[in-house]
A.B. asks: 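This is the structure I want to talk about, given as structure tokens.
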Amino acid sequence: MGVDLSDLVKTREIELKELNGKIIAIDAFNTLYQFLSIIRQQDGSPLTDDRGNVTSHLSGIIYRVTNLIEEGIKPVFVFDGKPPVFKAETIKARVEVREAAKQMYEAAKAAGSADAYKYAMASTSINAQIVQDSKELLGYMGIPYILAPSEGEAQASYMVKKGSADYVGSQDYDSLLFGAPKFVRNIAITGKRKVPRKNIYVDVKPEVIEFQEVLDQLEITRSQLIDLAILVGTDYNPGIYKVGPKTALKLVKKHDNMESILTELGQTIENYEEIKEFFMNPPITDDYIIKWGKPETGKIKEFLCEEHSFSADRVDKVIERLNKAVTETSKQKTLSSWF
DNA sequence: CTTGATAA
DNA sequence: TTATCAAGG
């Protein structure tokens, strides 16, 4: 998912405490995807309520958001709208990969194989019900969410540029291409992350990436960074065979424009002009209100316990933490108010 | 992922 | 206090 610039971009590890009082525009789909892929049982099956609906994301949201608010962080979730037309092939390819993984998962689960978990993760998909449930829970928790016209990452980046938020929150590097001045990865509390394909966990700290620092370090412009990403591959194009971040960096520095690069490589990139324009000037909206509200305790409890089979004891506990955290934060007059 | 229990 | 592990729905 997204462009992989991890080899090129210098990150700065921080403590979660450093984000106290900050507004984070969280890429909702990115976060939901993580919850849905990782919150599973040992055989790979997701958490479900007694009607069979998947509930992994609801568990992720209630605990993660409560933890963030306890840290004094103010989250606003940004959901994806319509993907650009030139994303169609990528979307189709991902559907096929997921379908294949789903079959492998079913087979592995039936065989009691330890591979079931990894195939289950690879088969993760987000549907309309999951999105709706997530919005409903966020609403009851008093957490604002916004619907982007197109990519959530683009809208979140715009909100940080504009000063409506302090950071984009996402695991992907795409917000750099959209020009987000600052973004933060790994905003989890436990600081533990499962390493892919292995049943072990490593410590992971939140890390901040600053747009201007990246450009300064690489000695390129935003336009060049976008060209670099397109050469490597983005959500909208597969990238050029055997061109990784380092080669791409050399190429954008050596040439004045993409046409010249592609001529040297003897390659073409489908929809290059449209993709470039999309990263430079994505569809965004100013039509949003960011306002945190008081949690609706009864609604949260009804939604999670009665509709989705959560344990009343656990939900009571997390609601109590949430209410306490919101009360604490709203007392701090130096921060913009909650209500 | 996060919690909560239990062990070290 | 810190590490490890099972369970959550």
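Note on naming: letters A, B, ... go to the chains in the order of the sequence lines (proteins, then strands), and numbering restarts at 1 for each one.
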A.B. asks: Which heavy atom in A:G179 sits nearest to a heavy atom in A:F211, and how many Å separate them?
C.D. replies: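 Nearest pair, atom of A:G179 first, then A:F211: CA-CE1, 4.0 Å.
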A.B. asks: A cation-pi test, strictly: NZ or CZ of A:K182 under 6.0 Å from the centre of the six-membered ring of A:Y167 and no more than 45 degrees from its axis. Yes or no?
C.D. replies: yes
A.B. asks: Strictly by modelled atom types, are A:N186 and A:Q171 linked by a side-chain donor-acceptor pair under 3.5 Å?
C.D. replies: yes
A.B. asks: Measure the distance from CD1 on A:I38 to P on B:dC1 and round it to the nearest whole Å.
C.D. replies: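 So the CD1-P distance, A:I38 to B:dC1, works out to 6 Å.
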A.B. asks: If you compare all heavy atoms of A:L147 against all heavy atoms of A:T285, which two are closest, and at what distance to 0.1 Å?
C.D. replies: O-CG2, 4.4 Å
A.B. asks: Using whole Å, report how far CZ of A:R40 lies from P of C:dA7.
C.D. replies: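 Going from CZ in A:R40 over to P in C:dA7 covers 18 Å.
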A.B. asks: Do A:Q41 side-chain and C:dG9 base share a donor-acceptor contact under 3.5 Å?
C.D. replies: yes
A.B. asks: Counting any heavy atom closer than 4.0 Å, what does A:T48 reach on the DNA or RNA strands: base, sugar-phosphate only, or nothing?
C.D. replies: base
A.B. asks: Looking at A:N67, I'd like to know whether one of its side-chain N or O atoms comes within less than 4.0 Å of OP1 or OP2 on B:dC1.
C.D. replies: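 Indeed not, no polar side-chain atom of A:N67 lies that close.
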A.B. asks: Would you mind reading off the distance between A:L68 atom CG and B:dT2 atom P, rounded to a whole angstrom?
C.D. replies: 8 Å
A.B. asks: Taking CG from A:L58 and P from C:dG8, how many angstroms apart are they, rounded to a whole number?
C.D. replies: 16 Å
A.B. asks: Contact class for A:R51 vs. all strands (heavy atom < 4.0 Å): base, sugar-phosphate, or nothing?
C.D. replies: nothing
A.B. asks: Using a cut-off of 4.0 Å on non-hydrogen atoms, how would the nucleic acid contact of A:S311 be classed: base, sugar-phosphate, or nothing?
C.D. replies: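 Touches sugar-phosphate only.
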